[in-house]
Asker: 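My questions will all concern the structure given below.
Protein chains get the first letters and strands the later ones, always in sequence-line order, with residue 1 at the start of each.
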Amino acid sequence: MPLTTEQESRHLEKRHRKARFFAIFCAAITWSSVLLLAVLLYQVSIEGFRWLDWQFISSFPSRFPERAGIKSALVGTIWLISLVALISIPVGVSTALYLEEFAGKGKISKIIEVNVANLAGVPSIVYGILGLAIFVRFFALERSLISGALTMSLLILPVIIIASREAIKTVPQGIRNAAYSLGATKWQTTWAHVLPASFPGIMTGVILALSRSIGETAPLIMIGAMTFVAFLPEGPMDSFTAMPIQIYNWVSRPQEEFHELAAAGIIVLLAVLLAMNATAIFIRNRTERRMK
Amino acid sequence: MSQFPDSTLAEQNLQMSKKSVLELRNVNIFYSDNQAVNDVSFNIRRNKITAIIGPSGCGKSTLLRSLNRMNDFVDGARVEGELIFSNENLYGKEVDPVEVRRRIGMVFQKPNPFPKSIYNNISWGPLINGYNGSTDELVERSLKQAALWEEVKDRLHESALNLSGGQQQRLCIARALAMEPEVLLMDEPCSALDPISTARIEDLLFELKSSYTIVIVTHNMQQAARISDYTAFMEMGDLIEFNVTKKIFTRPAMKRTEEYVTGRFG
Amino acid sequence: MSQFPDSTLAEQNLQMSKKSVLELRNVNIFYSDNQAVNDVSFNIRRNKITAIIGPSGCGKSTLLRSLNRMNDFVDGARVEGELIFSNENLYGKEVDPVEVRRRIGMVFQKPNPFPKSIYNNISWGPLINGYNGSTDELVERSLKQAALWEEVKDRLHESALNLSGGQQQRLCIARALAMEPEVLLMDEPCSALDPISTARIEDLLFELKSSYTIVIVTHNMQQAARISDYTAFMEMGDLIEFNVTKKIFTRPAMKRTEEYVTGRFG
Amino acid sequence: SQQDESQEAGATGAAALSGVVSLDGSSTVYPISEAVAEEFLAVAPRVRVTVGVSGTGGGFKKFLAQEIDINDASRSIKDSEIEQAVASGIDYLEIPVAYDGLSVVINSNNDWVDYLRVEELQLIWQPGSTVDSWDDIRPEWPSEPLRLYGPGTDSGTFDYFTETINGESGASRPDYTASEDDNVLVQGISGDEFSLGFFGFAYYVENMDKLKVVPIDGGNGAIIPSATTINNGTYSPLSRPIFIYLNTASMARPEVNEFVNFYLENAGVLASEVGYIALPDDLYQEAKDKISAL
Amino acid sequence: MSLHLQRDLEKLKKEILKLGTMVESAINNAILALNNREMLYVDEVLRLEDHINEMEVKIEEDCLKILALHQPVAGDLRFIVVSLKVNNDLERMGDFAKNIAKRARELMQEEPISTLPEFVNELPNLVRTMVRNSLDALVKLDVSLAREVIAMDDKVDEINRAMYQEVTRVAKENASKTGVAISLLSTSRYMERIGDLSTNIAEDVIFMVEGRVIRHDD
Amino acid sequence: MSLHLQRDLEKLKKEILKLGTMVESAINNAILALNNREMLYVDEVLRLEDHINEMEVKIEEDCLKILALHQPVAGDLRFIVVSLKVNNDLERMGDFAKNIAKRARELMQEEPISTLPEFVNELPNLVRTMVRNSLDALVKLDVSLAREVIAMDDKVDEINRAMYQEVTRVAKENASKTGVAISLLSTSRYMERIGDLSTNIAEDVIFMVEGRVIRHDD
Amino acid sequence: MAQEEYPDAAGASQPAESPAARSIKKSGVLWGELAIKSWLASCSFISIVTTAAIVILLLSETLNFFENVSPGEFFFGTTWTPLFEPSSFGVLPLVWGTLIVTIGAALIAIPTGLASAIYLSEYASDRMRSTIKPVLELLAGIPTVVYGYFALTFVTPVLRNVFPDIQVFNALSAAIVVGIMVLPMVATMSDNALRAVPISLRQGAYALGATSYEVTTRVVVPAGLSGVMASFLLAISRAIGETMAVTLAAGQTPNMSLSMFESIQTMTSYIVQVSLGDTPSGGVAYQTLFAVATLLFAITLVINIISQMILNRFREVYE
Ligand SMILES: Nc1ncnc2c1ncn2[C@@H]1O[C@H](COP(=O)(O)OP(=O)(O)OP(=O)(O)O)[C@@H](O)[C@H]1O
Ligand SMILES: Nc1ncnc2c1ncn2[C@@H]1O[C@H](COP(=O)(O)OP(=O)(O)OP(=O)(O)O)[C@@H](O)[C@H]1O
Ligand SMILES: [Mg+2]
Ligand SMILES: [Mg+2]
Ligand SMILES: O=P([O-])([O-])[O-]
């Protein structure tokens with residue numbers, strides 16, 4: 001545009017070039033992350049794909065690769081995740097509600113707040129040590145599903161609490177005011193409006209948290225999840241195994257076939273993860289839509 | 001300060017109780033150590049619109065919120081003095097704030113419908129408060145009162161968030177009306193709306209005042225002028241003038257009021 | 001609609017080029033397939049305030065944003081027709097939109113200071129655009145022009161976010177002025193402000209028009225009445241009337257305008 | 001119900017058994033225990049056998065806390081652990097179940113090493129060793145840096161190796177690349193031309209194509225580890241027995257009793273199946289005798 | 001548009017019309033008093049005049065209230081401003097009616113004199129028509145009717161000028177009639193002033209409708 | 001307050017004052033024409049009257065503009081409404097000055113007759129004082145000055161009534177003087193009307209300051 | 001206060017007295033409300049109990065440890081061979097290992113995560129964003145063991161091609177996979193933070209004639225800094241605490257080498273090694289586990305406190 005002097009337009013041209021380069025750079029970085037995931041998935045699937053069949057899903061572990069399956073680990077993981085969800089969601093959301101809606105801005109809530117933030121950064125292995133000492137030993141819950149679930153719940157509670165608090169914070173104050181001004185009590189307001197309105201955000205936190213717990217190995221091994229379990233747990237007090245443990249075990253076997261089984265196990269685990277995320281996202285979108 | 005300079009005290013009391021719904025007597029409101037409202041006294045008349053105007057931060061919203069104890073939710077807020085409503089001090093020990101809010105409704109600055117259906121928005125308040133009549137009728141009646149029925153009757157079960165801003169605000173009014181409150185408090189109910197929606201709401205208020213007592217905070221002086229019967233002008237927490245609206249805008253008694261309404265402030 | 005009903009076409013052209021900064025000729029604006037502005041033509045006069053009024057959704061903001069190509073950031077927005085600015089069509093192929101925005105500044109509805117110091121808020125624009133004079137002077141000059149200098153001169157390096165809403169909006173104006181734009185576009189610059197801040201800004205615009213050309217969108221008709229020299233009234237994407245402001249508010253030429261300004265709409 | 005039927009259909013005492021048998025401990029022993037558990041399932045379908053992997057030490061912790069019936073161990077119980085057992089009044093039985101050979105391996109491109117003497121191994125691995133390149137071992141070997149790989153300090157394999165080579169369990173030079181996972185060591189050595197490492201025999205067997213095993217001269221000439229040389233004890237001193245430890249109190253439970261017997265019955269066959277070397281038959285018999293003596 | 005403003009404007013319009021009716025009635029009565037020489041008409045005028053004054057104050061207050069509270073613009077604003085002026089004009093008409101009635105009361109004491117026939121019939125009729133038509137024009141926003149009113153004013157002026165000649169003539173002829181003649185001239189002048197005020201109203205109507213000031217056009 | 005409104009109000013005030021000065025000058029000239037019988041004063045009045053009319057239209061437009069654009073309330077609003085009325089009153093005063101000047105022109109053709117000394121000196125002075133003082137009161141918002149103006153009006157009325165007697169007397173005495181006498185009476189009436197209008201202005205000032213309508217108080 | 005005036009006294013019809021004015025007094029204690037509040041409060045105390053339990057558990061053994069080993073040796077020693085004979089208890093190599101892996105991971109995750117976040121929030125279309133983001137989030141859900149093997153079987157061989165003398169176990173590949181693992185956290189959280197920056201700020205900058213690069217780097221990122229920093233800190237915390245992947249990728253060789261090409265050991269992998277290994281409980285060697293865990297806990301605590309402080313600071317400045 002002949003609006004400017006020669007020098008100014010050269011300066012402008014330089015700025016435009018920089019902007020273009022930057023945009024391309026960012027896009028390239030993002031796409032390479034996606035590519036990385038693709039590579040990872042590709043690696044896993046070429047290795048494990050040939051083992052992936054119904055036999056694999058429906059069999060217990062075995063010393064013969066062709067007979068080995070992931071049944072007990074898959075069921076154990078589903079049990080574990082369900083229990084974890086059952087424990088951690090109510091407790092986590094309750095804590096978040098207490099901090100956001102009921103507790104004042106006093107010292108105690110500040111302490112809890114800092115404490116929760118700190119717990120989020122405690123390494124998972126430390127939770128394993130804790131779970132072993134508290135649940136397995138002190139409460140004599142033994143190496144059961146419930147011990148594992150409680151330990152895992154402690155591990156992911158901070159994530160749920162923090163995410164839920166953020167979600168609750170985004171609920172417009174106006175909605176609370178509206179409810180109070182209609183003569184609602186605090187709990188009526190919270191239950192009927194705050195909680196539903198923050199549900200999508202809470203779900204996001206829950207997805208993240210459960211995803212994390214589905215892939216954790218170290219604390220489970222610590223508290224004594226089994227490796228070979230040739231039966232399906234029938235209650236929370238039964239011993240169990242979980243997919244990451246099974247995968248870890250297969251991977252460390254000398255035979256190449258077991259390594260491939262491990263890859264197949266990873267595919268199943270990712271599928272479970274994906275299914276769980278999809279369910280959660282579906283629920284989230286549905287509530288979001290219902291509220292629009 | 002006498003409100004009926006020509007009448008005896010006995011007469012005054014009689015007149016008050018007949019015409020006033022809410023009486024503010026020497027109301028002081030504090031936020032922790034800061035005083036936001038200083039020694040304000042006036043009466044809110046039945047079936048009239050009372051407007052509260054004044055510069056930003058003068059304590060309008062604070063005062064309004066004190067009228068149905070919404071200040072309870074503000075950390076550190078403290079109310080002193082008497083606010084007499086149905087023969088009780090609103091801030092008496094015995095008084096149940098939930099009950100107060102049932103009977104003194106409130107509409108807020110930004111339309112804040114619940115993210116639920118139009119129908120549920122209206123029925124929720126009465127239901128949690130033990131209403132057991134026909135909710136269909138209740139919803140219809142409230143929406144009609146709020147002049148919204150015609151526009152939404154075919155989509156009562158759609159989300160309230162699909163309504164336009166002005167419709168949402170009328171829904172919030174309908175929601176408050178469904179509780180059959182004695183007094184309706186409104187804090188700048190039109191400031192988030194476009195002029196056409198604002199005009200609608202103003203017309204609605206004009207219609208509603210035959211059956212409700214309305215207190216409205218507005219920083220739009222023209223609005224106070226257009227719709228209210230009485231106007232309270234506040235400044236820095238003080239009530240400068242409480243008067244018939246026409247007076248405030250043609251011949252205010254106080255110099256500060258005159259300066260404010262003619263824009264000679266700041 | 002002729003703007004100089006009493007003069008010949010030749011005279012008109014002469015007058016135009018002397019007095020107009022921006023000329024809109026048959027401007028049409030589309031969002032994907034929806035037309036938001038239909039065939040609008042008028043001229044924006046140098047050192048005058050031109051207001052654009054009209055009901056919500058009539059295309060005011062769309063039209064305003066087209067004047068400095070802020071519509072470029074809206075997906076699917078398309079501008080047709082000619083917008084002549086310093087002898088170029090703003091939407092010509094050769095035209096660099098960054099350059100356009102340098103010379104046609106904009107102030108938005110909500111004050112949007114950068115989360116930087118007051119000083120940096122003002123100096124940033126000129127610096128990235130290769131300004132190499134004294135930024136101290138520039139900052140002082142711009143703040144003085146925006147009537148903010150006295151209030152902030154002792155805290156230039158504090159965050160701009162500590163300012164009040166009205167001060168923030170004046171800062172945004174100062175920020176725009178620092179670029180020494182030829183035209184200043186404003187989209188409802190006072191709608192988020194209290195009446196006192198609004199009065200300040202209006203006074204400021206009144207002062208600024210001796211050196212700038214200002215186009216302001218407002219849904220506050222009174223504001224358009226108070227501050228502008230020319231007023232464009234739009235409805236559903238059409239320009240209904242473009243006239244001297246006094247005319248619009250005392251004797252509008254078009255019936256629709258009369259209906260709108262007297263509130264007989266909707 | 002199917003289980004009920006099969007039980008009714010009748011059969012042996014084992015099929016009627018129910019209850020839990022829990023094993024934990026060494027990852028080395030795990031494949032054998034797993035195989036046994038898997039086979040036992042066919043015999044006693046209603047008995048729940050669980051096998052965990054938490055390392056020999058980790059297993060002993062649980063064993064001593066009486067959380068498990070049987071601990072898989074790739075080494076003998078340590079004095080400190082014995083003390084604890086005595087203190088808590090635990091009576092246990094050590095039962096060897098197989099041999100594991102420790103293979104010393106090198107990269108498959110390594111063409112200069114023909115064998116290693118035990119003294120040379122000690123020279124390399126002893127604490128404070130100054131051997132940094134191959135020619136420090138034998139001058140005729142290339143003057144290339146020597147890179148060492150071995151199990152982590154916390155495994156039975158490491159303990160055994162250090163004990164036999166350096167004379168004291170845990171006594172080792174620290175500056176080698178360690179991993180608890182033998183597969184990881186396989187990866188390391190097969191990717192590093194100048195490497196030398198050691199790990200369980202089974203891992204060598206599975207990766208023969210990638211690695212070379214080093215014959216060890218323990219004084220009787222260089223011997224290559226193999227099922228035969230380990231079984232007959234000629235591959236010495238780097239072959240070791242691996243054990244299970246049995247809490248004798250648990251033997252009161254018929255399902256445990258049955259399982260242990262089954263274990264000893266099948267250990268030989270199953271151990272070879274999963275890459276270990278069966279013990280001489282008399283050793284199994286000896287163990288059976290001990291058990292029935294309880 | 002705001003219901004409130006709409007109602008207030010309606011009310012104002014009604015009040016102006018009521019005032020107009022009262023003024024018309026006062027003028028009628030004043031003329032009757034003059035022509036029929038009966039005191040009861042005079043009393044009626046005086047009574048009406050009180051009401052007119054009250055009404056005028058009220059209307060002015062209402063206009064002020066509407067301006068203050070509703071801040072009208074364009075047509076609405078012009079209507080209020082015109083109302084203010086019409087209100088003023090009507091009140092003045094009321095004053096003139098009172099003046100006529102007062103003169104009529106004085107004249108009742110005196111012998112009647114014969115005068116111009118136009119003065120007795122045409123002038124009062126003209127003036128009454130002007131008043132009524134100007135108010136009609138206001139209500140109906142009828143510009144052509146307003147123009148008719150303005151046109152009529154010429155005739156009124158003409159009769160008034162004729163009256164001046166006539167009165168001078170009468171006074172010269174018969175000095176004793178001078179007082180009566182001058183009083184008659186006054187009433188004629190008052191009627192002429194009423195006509196002028198009607199013209200003002202008509203001009204205001206034109207201003208309101210067309211937004212154009214025409215009163216000094218001639 | 002808005003700079004814009006402030007400036008516009010200032011401007012309006014100045015214009016009203018200017019109009020007032022013009023009207024005062026027109027009245028002075030009219031009186032001079034009457035007393036000194038010189039045409040140049042008449043011409044001056046006619047010239048001024050044109051300007052006054054123009055000015056009146058302009059002021060009315062300006063008031064309308066301020067009402068429409070700034071929508072003033074309270075004091076500002078009362079000021080505008082009063083300005084509208086004062087403007088009207090001043091224009092009418094201008095008209096009366098023109099009428100006086102026209103009568104003066106007619107009287108120049110005739111023999112002068114002797115008349116009441118109050119009419120020649122006191123009445124014009126009174127009226128001029130009233131006009132000046134009412135405008136002063138307006139500018140200074142001086143209520144007591146306004147009340148003085150209102151008080152003066154009684155004197156003016158008295159002189160005017162006296163003139164009526166005097167004129168009747170003159171006409172009866174000397175029929176040939178009848179025309180001149182009636183003309184003189186007219187000028188007296190015009191002056192009285194000017195006094196009335198000053199009173200109106202004074203009353204408006206009181207309304208503006210005290211917010212109270214007093215014009216029908218008596 | 002001013003005088004008041006009520007002209008409407010006459011004529012205004014009085015409405016009927018309000019219907020049987022119900023009292024506004026309290027009718028009783030709301031037990032339900034109270035019970036719920038107590039339940040919620042007790043839930044929130046779980047976190048405090050958890051922390052207390054961790055501290056007690058770790059500290060009691062750690063105190064025993066320090067009866068056997070002097071703090072001086074532990075904190076300042078540069079050799080970590082607690083399980084060797086002769087043993088040595090200088091924890092610095094573990095701290096160092098943790099440090100370089102964490103720094104390495106941060107150096108990878110922070111710039112790339114931020115760049116991705118910028119791409120997602122500033123450049124990608126809504127559709128693009130809504131497909132890429134869940135994909136990135138999937139990266140966060142993959143078990144860490146898988147990452148460990150990915151490092152060994154893919155990353156290290158690739159690195160080998162570039163740096164032939166890199167060891168099989170090396171800090172670099174550990175840092176890379178940990179970086180990849182926490183990248184989605186940085187990307188999605190920062191994306192949320194950047195998208196929370198009001199559009200109006202961007203428009204403000206564009207209206208001053210800025211290019212997209214200038215708008216992004218000088219306005220949007222600084223404005224979203226508090227959220228962006230939060231994502232960095234969370235990512236760093238996660239990297240410090242990461243266990244299995246580093247154990248597999250970096251090996252278990254306590255080492256203070258400056259080179260990222262060598263095997264190291266992090267605190268977490270030491271904890272795994274001991275707790276899953278052969279060490280008999282009770283001895284000094286076993287107590288090292290708790291000493292290291294305590295130190296790790298203390299380090300994460302300090303980082304968390306510092307980051308809280310930083311975040312509060314930013315909030316103050318930018319809100
Ligand atoms: N929650 C609070 N805590 C402390 N001070 C507060 C709080 N809310 C308001 N204030 C202070 O009390 C005073 C009155 O505030 P209030 O919100 O009532 O003003 P307002 O008149 O409604 O103003 P606006 O027109 O801006 O809404 C102000 O000085 C304000 O800063
Ligand atoms: N980004 C967009 N995409 C599609 N349509 C749009 C977009 N922005 C505006 N519109 C449509 O274009 C029309 C004009 O919108 P615009 O925002 O210009 O109105 P406006 O006059 O500024 O209204 P308001 O007073 O509410 O700001 C409206 O119908 C609107 O729905
Ligand atoms: Mg407020
Ligand atoms: Mg807009
Ligand atoms: O797991 P291990 O004890 O055999 O190393």
Asker: For B/S228, is it the side chain, the backbone, both, or neither that has a heavy atom closer than 4.5 Å to a heavy atom of chain E?
Answerer: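 The answer is neither part of B/S228.
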
Asker: Take atom NZ of B/K209 as the centre, draw a 6.0 Å sphere, and report whether it contains more than 12 heavy atoms from other residues, nucleotides or ligands.
Answerer: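 Atom NZ in B/K209 is crowded, with more than 12 foreign heavy atoms closer than 6.0 Å.
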
Asker: Where do E/L64 and B/R251 land on the side-chain contact (heavy atoms from CB on, under 4.5 Å) test, with the steps shown first?
Answerer: CA-CA 10 Å; E/L64 207 69; B/R251 292 186 288 278; 4.2 Å; yes

Asker: Taking all heavy atoms of B/A225 and all of E/A68, pick out the closest pair and write down the distance.
Answerer: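 Smallest heavy-atom distance, with atoms named: CB-O, 4.1 Å.
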
Asker: Is any side-chain heavy atom of E/L5 closer than 4.5 Å to a side-chain heavy atom of B/E202?
Answerer: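 Of all side-chain heavy-atom pairs linking B/E202 with E/L5, none is under 4.5 Å.
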
Asker: Counting heavy atoms not belonging to E/M39, are there more than 12 under 6.0 Å from its CE?
Answerer: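 Count over threshold, so yes.
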
Asker: With ring-ring contact (aromatic ring centres under 6.0 Å, His included) as the rule and sequence neighbours excluded, what pairs involving residues 165-218 of chain B come up?
Answerer: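 Sorted result for residues 165-218 of chain B: B/F206-E/H4.
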
Asker: How many angstroms lie between atom CD1 of B/I248 and atom CG of E/L69, to the nearest 0.5 angstrom?
Answerer: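 Interatomic distance, B/I248 CD1 to E/L69 CG, rounded to 0.5 Å: 11.0 Å.
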
Asker: So, do E/E61 and B/K246 sit near enough that their side-chain heavy atoms are less than 4.5 Å apart?
Answerer: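 SC-SC contact between E/E61 and B/K246 confirmed.
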
Asker: May I ask you to decide whether E/R7 forms a salt bridge with B/E207, counting only side-chain N to carboxylate O separations under 4.0 Å?
Answerer: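 Salt bridge flag = yes for B/E207 with E/R7.
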
